[in-house]
Amino acid sequence: MDGTALVLGGGGPVGGAWMVGVLAGLTEAGVELDRADVVIGTSAGAIFGARVLGGESPRALYERQLAGEERIDLEVSAAQTFRFLWAACATRDSRRSAQRLGRAALAAPVGHEGGALDAVRPLLGGERPWPERALRIAAVDAQSGEVETFGSDSSLSLLEAVAASCAVPLVWPPVSAAGRRWLDGGCRSAGNVRLARGYRRVVAVVPIPSAPGPHPSARQEADELVAEGASVVCLTPDAASRRAMGRDMTADSRRPDTARAGHAQAVAAARTVADVLHG
């Protein structure tokens, strides 16, 4: 067991704003996030992980959130929410829950297949290459329900991998890549903290503590790593951040206040994070 991992979870536009605030706050408090040997991103975490490793500073990303830039018009109806929860929560088995979501997503008439690609492309700044530093992006196989990760060693482009990780079931169609169909990487775990297994030090920033359905929470996954000997800090929204976020993770108007709340939370937690990350 060796090395350091930075895990960035999913959370939609609002959760992404909180995460950017956290990254900016940690950086400004002196936490050297670039010490991480690998960044593991899921959904929103895949987007911002790719951008930070691609050279954008957390401060610049934070200021864009405060300015209300990079708006994502992600409209989710009550019917879509109901079908999602029906598929995800009708079983006590995590893999079967993801399989049910996959079947529902494959059958749903929710626009053309490139929906997730079209939404993600401007957020990445186009067809940018994989970063030189290690980045792993999580997505879920729509048929098997298993979580897999992609990196520069995969056959997927960075855009394809990030879009696959962001393909919210019943909102966007699954993404086709490498001969398979892929769902949002958060379908079985909102944080995928357990993907950092094997690393001695793990910092996880997870906007949504647990995914809907019979899945382990981010803290449960973190505890598993601790039991195996890793040093782990798992940041999830505190009370002030939860108030700023509200319940609608697509509410664009909440992004600036949510980013500020994440920033404040990160500054308060910086010493704890530094102790883990810096060893």
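Computed from a predicted structure; not experimentally measured.
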Asks: Report yes or no: do M19 and V193 belong to one cluster of Ile/Leu/Val/Met/Phe/Trp/Tyr joined by side chain heavy-atom distances under 4.5 Å?
Replies: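 M19 does not cluster with V193.
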Asks: Does a donor on one side chain and an acceptor on the other come within less than 3.5 Å for T4 and R201?
Replies: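 Note: T4 and R201 side chains meet the donor-acceptor criterion.
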Asks: Check S210 against A190 and note the closest heavy-atom contact, atom names and distance.
Replies: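 Nearest pair, atom of S210 first, then A190: C-CB, 4.1 Å.
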Asks: Whether the T91 and D93 side chains hold a donor-acceptor pair (N or O, under 3.5 Å, no angle test) is what I'd like checked.
Replies: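 Checked: T91/D93 side chains show no N/O donor-acceptor pair below 3.5 Å.
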Asks: Evaluate side chain to side chain contact (heavy atoms under 4.5 Å, CB included) for D184 paired with V171, printing each intermediate quantity in order.
Replies: CA-CA 10 Å; D184 190 302; V171 176; over 6 Å; no
Asks: Do any N or O atoms from the side chain of Q80 and from the backbone of S77 form a donor-acceptor pair under 3.5 angstrom?
Replies: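 It does hold such a pair.
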Asks: Under the criterion side chain to side chain contact (heavy atoms under 4.5 Å, CB included), I'd like the reasoning laid out for L277 against V31: C-alpha separation, chi angles, the key distance, then a yes or no.
Replies: CA-CA 8 Å; L277 188 63; V31 179; 3.7 Å; yes
Asks: Which pair of heavy atoms, one from Y62 and one from A24, lies closest together, and at what distance?
Replies: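 Nearest heavy atoms, Y62 then A24: CB-CB, 3.6 Å.
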Asks: Roughly how far, to the nearest 0.5 Å, is the CZ atom of R59 from the CZ atom of R64?
Replies: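 The CZ atom of R64 sits 12.0 Å away from the CZ atom of R59.
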Asks: Is it the case that the side chains of D238 and S241 hold a donor-acceptor pair, with the cut-off being a distance below 3.5 Å and no angle test?
Replies: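 Distance-only check passes for S241 and D238.
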Asks: Please tell me whether V175 and L135 are part of a single hydrophobic cluster in this structure, the criterion being side-chain heavy atoms less than 4.5 Å apart.
Replies: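 Per the 4.5 Å side-chain linkage, V175 and L135 are not co-clustered.
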Asks: Given side chains that start at C-beta, do those of V38 and L6 come closer than 4.5 Å, heavy atoms only?
Replies: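 Of all side-chain heavy-atom pairs linking L6 with V38, none is under 4.5 Å.
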Asks: Just by distance, do the side chain of Q265 and the backbone of G262 share a donor-acceptor pair under 3.5 Å?
Replies: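 Side chain of Q265 to backbone of G262: no pair is present.
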Asks: Do the side chain of R51 and the main chain of L123 share a donor and acceptor less than 3.5 angstrom apart?
Replies: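 Pair found, side chain donor or acceptor close to backbone of L123.
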Asks: Keeping E221 on the side-chain end and A218 on the backbone end, is there a donor-acceptor pair under 3.5 Å?
Replies: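 No; zero donor-acceptor contacts below 3.5 Å.
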Asks: Look up atom CG in D34 and atom CG in L53, then write down how far apart they are to the nearest 0.5 Å.
Replies: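 Separation between the atoms: 10.0 Å.
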Asks: Give, for atom CG of D223 and atom CZ of R219, the distance between the pair rounded to the nearest 0.5 Å.
Replies: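 One finds 8.5 Å between CG of D223 and CZ of R219.
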Asks: For F84, does its backbone N or O pair with a side-chain atom of R100 as donor and acceptor, under 3.5 Å?
Replies: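 Side chain of R100 to backbone of F84, a donor-acceptor pair under 3.5 Å: no, none is there.
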Asks: Pick from S43, S165, C166: which one makes a side chain to side chain contact (heavy atoms under 4.5 Å, CB included) with I137?
Replies: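 By the side chain to side chain contact (heavy atoms under 4.5 Å, CB included) criterion, I137 pairs with just one of S43, S165, C166: S165.
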Asks: With a 4.5 Å heavy-atom cut-off, do W182 and D141 have their side chains touching?
Replies: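 W182 vs D141: side chains touch.
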Asks: Ignoring hydrogens and geometry beyond distance, is a side-chain donor-acceptor pair present between S176 and R181 at under 3.5 Å?
Replies: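 Side-chain D/A pair, S176 to R181: present.
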Asks: Looking only at non-hydrogen atoms, find the nearest pair between L183 and P169 and report the distance.
Replies: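 Looking at all heavy atoms of both residues, the shortest contact is CD2-CG, 4.3 Å.
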Asks: Is the shortest heavy-atom distance from the side chain of V22 to the side chain of L235 under 4.5 Å?
Replies: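 Touching, per the 4.5 Å side-chain cut-off.
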Asks: Let me see the working for R188 and S97 under side chain to side chain donor-acceptor pair (under 3.5 Å), right down to the final yes or no.
Replies: CA-CA 8 Å; R188 288 188 64 175; S97 172; over 6 Å; no
Asks: Any sub-3.5 Å donor-acceptor pair from Q65's side-chain atoms to R255's backbone N or O?
Replies: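 Answer holds: no.
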Asks: A side-chain contact here means heavy atoms from C-beta on lying under 4.5 Å apart; do R180 and E148 qualify?
Replies: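 In short, these two side chains touch, coming nearer than 4.5 Å.
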Asks: Determine, stepwise, if the pair F150 / W130 fulfils ring-ring contact (aromatic ring centres under 6.0 Å, His included).
Replies: CA-CA 10 Å; F150 305 106; W130 283 93; 8.1 Å; no
Asks: Looking at L225 and R197, what are the two nearest heavy atoms and their distance?
Replies: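 Nearest heavy atoms, L225 then R197: CD2-CA, 3.8 Å.
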Asks: Side chains of V232 and V276, heavy atoms from C-beta outward: is any pair under 4.5 Å?
Replies: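 Side-chain contact under 4.5 Å: no.
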Asks: Let me check something: do L156 and L158 share a hydrophobic cluster, defined by ILVMFWY side-chain heavy atoms less than 4.5 Å apart, either directly or through other members?
Replies: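 Looking at the clustering, L158 is in the same group as L156.
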Asks: Is a side-chain donor or acceptor of R121 paired with a backbone partner of L159 at a separation under 3.5 angstrom?
Replies: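 Looks like no, no N/O pair under 3.5 Å.
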Asks: In terms of heavy-atom contacts, does CD of E70 have more than 12 from other residues, nucleotides or ligands at under 6.0 Å?
Replies: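 Count over threshold, so yes.
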Asks: For E56 and L61, work out which heavy atoms get closest and say how close.
Replies: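 It is OE1-CD2, 3.4 Å.
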Asks: Does a sphere of radius 6.0 Å around CZ in R35 hold more than 12 heavy atoms from other residues, nucleotides or ligands, not counting ones at 6.0 Å or beyond?
Replies: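 It does: R35 CZ has more than 12 such atoms within range.
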Asks: Check the pair V162, L124 against side chain to side chain contact (heavy atoms under 4.5 Å, CB included), reporting the backbone distance first and the verdict last.
Replies: CA-CA 9 Å; V162 174; L124 286 181; 4.0 Å; yes
Asks: Within the supplied structure, the quantity of interest is the number of heavy atoms (other residues, nucleotides, ligands) at a distance under 6.0 Å from E127 CD; does it exceed 12?
Replies: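 Above 12, so yes.
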Asks: If you round to the nearest 0.5 Å, how far is CG of L23 from CG of L8?
Replies: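 The CG atom of L23 is 5.5 Å from CG of L8, to the nearest 0.5 Å.
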Asks: In terms of side-chain heavy atoms, does H215 have a donor or acceptor partner in S94 at a distance below 3.5 Å?
Replies: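 H215 vs S94: donor-acceptor pair found between side chains.
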Asks: If two hydrophobic side chains count as joined below 4.5 Å and joins carry through other members, does W172 share a cluster with V140?
Replies: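 No; tracing contacts between hydrophobic side chains, which count when under 4.5 Å, never links both residues.
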Asks: What is the distance from atom OG1 of T149 to atom CD1 of I40, rounded to the nearest 0.5 Å?
Replies: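 That separation rounds to 7.5 Å.
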Asks: Rounded to the nearest 0.5 Å, how far apart are CG of L195 and OG of S189?
Replies: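 With rounding to 0.5 Å, CG (L195) is 7.5 Å from OG (S189).
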Asks: Which atom names give the shortest non-hydrogen contact between T42 and G191, and what distance separates them?
Replies: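 Looking at all heavy atoms of both residues, the closest pair is OG1-O, 4.1 Å.
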Asks: Quiz question: by atom type and distance under 3.5 Å, do the side chains of S144 and Q99 form a donor-acceptor pair?
Replies: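 Side chains of S144 and Q99: no pair found under 3.5 Å.
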Asks: When you group the ILVMFWY residues by side-chain heavy-atom contacts below 4.5 Å and let the links chain together, are I47 and W18 in the same group?
Replies: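 The answer is yes; both residues are in one hydrophobic cluster.
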Asks: Given 3.5 Å as the limit, does a donor-acceptor pair link the side chain of S154 with the main chain of G151, or not?
Replies: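 The answer is yes, because a donor-acceptor pair under 3.5 Å joins these two groups.
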Asks: Determine whether N192 and R136 satisfy the following criterion, side chain to side chain contact (heavy atoms under 4.5 Å, CB included), listing intermediate values before the conclusion.
Replies: CA-CA 11 Å; N192 282 311; R136 304 300 301 182; over 6 Å; no
